[in-house]
Amino acid sequence: MTVSPPQSGLLEIIALTVADAVAAQDGGADRIEVVAEMDRDGLTPRPELVAEMRAAVDIPLRIMVRGTDGFTADADELARLLAVVAELRAAGAEEFVLGFLTEDGHVDLEATRVVVESLDGCPWTFHRAVDHAADTERAWADLRGLPGLDTVLTAGSARGLEDGLPRLAARDDWRECGVRLLAGGGLKHAHVPGLRSIGVTAIHAGGLVRDSWDSPVDSTRVRALRELLDA
């Protein structure tokens with residue numbers, strides 16, 4: 001197995017409120033994923049919230065572009081998302097998170113490219129739709145060369161890192177995609193050393209740094225992850 005050259009650790013924290021964003025930054029996060037409605041696995045936040053977060057913290061914000069449950073997007077949904085992206089950019093958004101699958105579970109390159117064109121060169125993350133693809137090897141291959149894509153958020157399995165970490169360790173296609181793998185989805189402290197051992201130095205946390213999705217981010221928990229990632 002070939003291990004990628006080491007990179008400095010990247011810690012991304014999910015934030016639903018301005019207070020979450022401030023606590024994440026205070027705890028040492030490098031980047032924030034801004035979402036709403038985590039009971040639906042994360043939807044697009046209000047542009048007003050993005051503007052408020054942008055004024056409150058200095059670290060990068062990646063904004064979720066997802067209007068409905070699931071990962072498919074028909075023409076009407078794409079039109080809505082394009083309007084939302086314009087509003088988010090007007091609110092100061094410069095980085096994004098998105099990802100679409102077809103009805104039969106393959107990466108929807110047409111829908112993805114439509115939205116990516118509206119980002120006008122902004123960097124973005126393809127989210128965990130990749131873990132729900134019918135053929136993950138094909139999905140990773142499909143992601144190669146998409147403009148602006150610099151990160152893929154994955155657990156290696158739709159069931160989360162507990163199941164997916166061994167799969168990531170056994171596969172090389174993610175190393176060949178030309179993007180940074182951001183590990184998240186049921187992240188536990190015990191996963192971090194295993195991720196680092198296979199060359200994954202970017203982690204994504206939400207539930208691990210708060211008591212529940214109704215509770216705020218705890219900066220001390222973020223700091224503990226920061227120290228674990230940098231150990």
Side-chain angles (χ1 to χ4, degrees), residues 1-16 20-21 23-35 38-42 59-60 62 64 71 97 99 125-133 136-137 139-140 143 149-231:
M1 180 181 72
T2 302
V3 176
S4 302
Q7 296 174 294
S8 58
L10 186 150
L11 175 59
E12 181 179 271
I13 299 297
I14 295 173
L16 291 88
D20 283 348
Q25 177 170 274
D26 289 348
D30 300 294
R31 193 166 74 196
I32 292 166
E33 182 186 79
V34 188
V35 302
M38 282 304 299
D39 58 330
R40 299 172 68 185
D41 291 328
I59 58 178
R62 291 228 162 171
M64 179 64 70
F71 301 112
V97 182
T125 298
F126 193 98
H127 57 49
R128 288 194 59 213
V130 71
D131 292 337
H132 295 262
T136 54
E137 290 186 16
W140 278 96
L143 296 180
L149 176 65
D150 65 2
T151 305
V152 176
L153 172 62
T154 178
S157 165
R159 290 185 289 273
L161 278 164
E162 195 70 23
D163 179 67
L165 202 162
R167 300 185 186 196
L168 292 176
R171 292 173 52 186
D172 283 325
D173 52 355
W174 62 267
R175 306 174 196 280
E176 301 164 1
C177 192
V179 298
R180 188 164 197 178
L181 190 152
L182 177 65
L187 181 74
K188 298 178 181 178
H189 293 98
H191 296 144
V192 178
L195 289 165
R196 291 180 61 201
S197 73
I198 61 170
V200 178
T201 57
I203 59 174
H204 166 96
L208 192 58
V209 295
R210 49 176 35 102
D211 288 333
S212 71
W213 289 117
D214 295 323
S215 303
V217 168
D218 183 337
S219 62
T220 61
R221 297 187 189 185
V222 177
R223 176 61 59 187
L225 265 185
R226 172 86 269 166
E227 291 173 356
L228 185 61
L229 181 61
D230 293 342

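Along the sequence shown, residues carry numbers from 1.
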Under the criterion salt bridge (charged side-chain N to carboxylate O under 4.0 Å, His left out), I'd like the reasoning laid out for Asp230 against Arg196: C-alpha separation, chi angles, the key distance, then a yes or no. CA-CA 10 Å; Asp230 293 342; Arg196 291 180 61 201; over 6 Å; no
If you apply the rule side chain to side chain contact (heavy atoms under 4.5 Å, CB included), what do you find for Ile203 with Leu187, and how did you get there? CA-CA 8 Å; Ile203 59 174; Leu187 181 74; 4.2 Å; yes
Please report the closest heavy-atom contact between Cys177 and Leu143, naming both atoms and the distance. SG-CB, 3.9 Å
Do Arg159 and Asp131 meet the salt-bridge criterion of a basic N to acidic O distance under 4.0 Å? no
Which heavy atom in Val35 sits nearest to a heavy atom in Gly42, and how many Å separate them? CB-CA, 4.2 Å
Looking only at heavy atoms, what is the nearest atom pair of Leu161 and Pro166, with distance? O-CD, 4.4 Å
Is Arg180 reaching over with its side chain to a backbone N or O of Thr151, donor-acceptor style, under 3.5 angstrom? no
Measuring from atom CD1 of Ile32 to atom CG of Asp20, what distance do you get when rounded to the nearest 0.5 angstrom? 8.5 Å
Would you confirm whether Asp218, through its side chain, and Arg210, through its main-chain N or O, come within 3.5 Å as a donor-acceptor pair? no
Which pair of non-hydrogen atoms, one from Leu225 and one from Ala205, has the smallest distance, and what is that distance? CD1-CB, 3.6 Å
One pair to check against side chain to side chain contact (heavy atoms under 4.5 Å, CB included): Leu181 and Val152. What are the steps and the verdict? CA-CA 5 Å; Leu181 190 152; Val152 176; 5.8 Å; no
Heavy-atom closest contact (Val97 atom, Arg62 atom, distance): CG2-CB, 3.6 Å
Should Glu162 and Lys188 count as an ion pair when the cut-off is N to O under 4.0 Å? yes
Just how far is it from atom CZ of Arg226 to atom OG1 of Thr220, taken to the nearest 0.5 Å? 15.5 Å
Applying side chain to side chain contact (heavy atoms under 4.5 Å, CB included), run through Asp150 and Val179 and close with a yes or a no. CA-CA 5 Å; Asp150 65 2; Val179 298; 5.5 Å; no
If I take atom CG from residue Asp39 and atom CH2 from residue Trp213, how far apart are they, to the nearest 0.5 angstrom? 10.5 Å
Side-chain heavy-atom pair Val222, Val217 within 4.5 angstrom cut-off: yes
Nearest 0.5 angstrom please: Leu149 CG to Phe126 CZ, how far? 8.5 Å
Verdict with supporting geometry, His127 and Glu33, side chain to side chain donor-acceptor pair (under 3.5 Å): CA-CA 11 Å; His127 57 49; Glu33 182 186 79; over 6 Å; no
Looking at CG of Leu229 and CG of Leu195, how far apart are the two atoms once the value is rounded to the nearest 0.5 Å? 9.5 Å
Closest non-hydrogen contact found for Ala190 with Pro193 is O-CD, 3.5 Å
Arg40 meets the side-chain hydrogen bond (donor to acceptor under 3.5 Å, both in side chains) criterion, sequence neighbours left out, with Glu37, Asp69
Regarding Arg167 and Thr136, do their side chains bring together a donor and an acceptor under 3.5 Å, going by distance alone? no
Pair Met64-Val34, side chain to side chain contact (heavy atoms under 4.5 Å, CB included): steps then yes or no: CA-CA 6 Å; Met64 179 64 70; Val34 188; over 6 Å; no
Separation of Arg31 CZ from Leu10 CG (nearest 0.5 Å): 5.0 Å
For the pair Asp26 and Arg223, evaluate salt bridge (charged side-chain N to carboxylate O under 4.0 Å, His left out) and give the outcome as yes or no after the intermediate values. CA-CA 8 Å; Asp26 289 348; Arg223 176 61 59 187; over 6 Å; no
So, Ser157 versus Asp163: side-chain donor-acceptor pair below 3.5 Å or not? yes
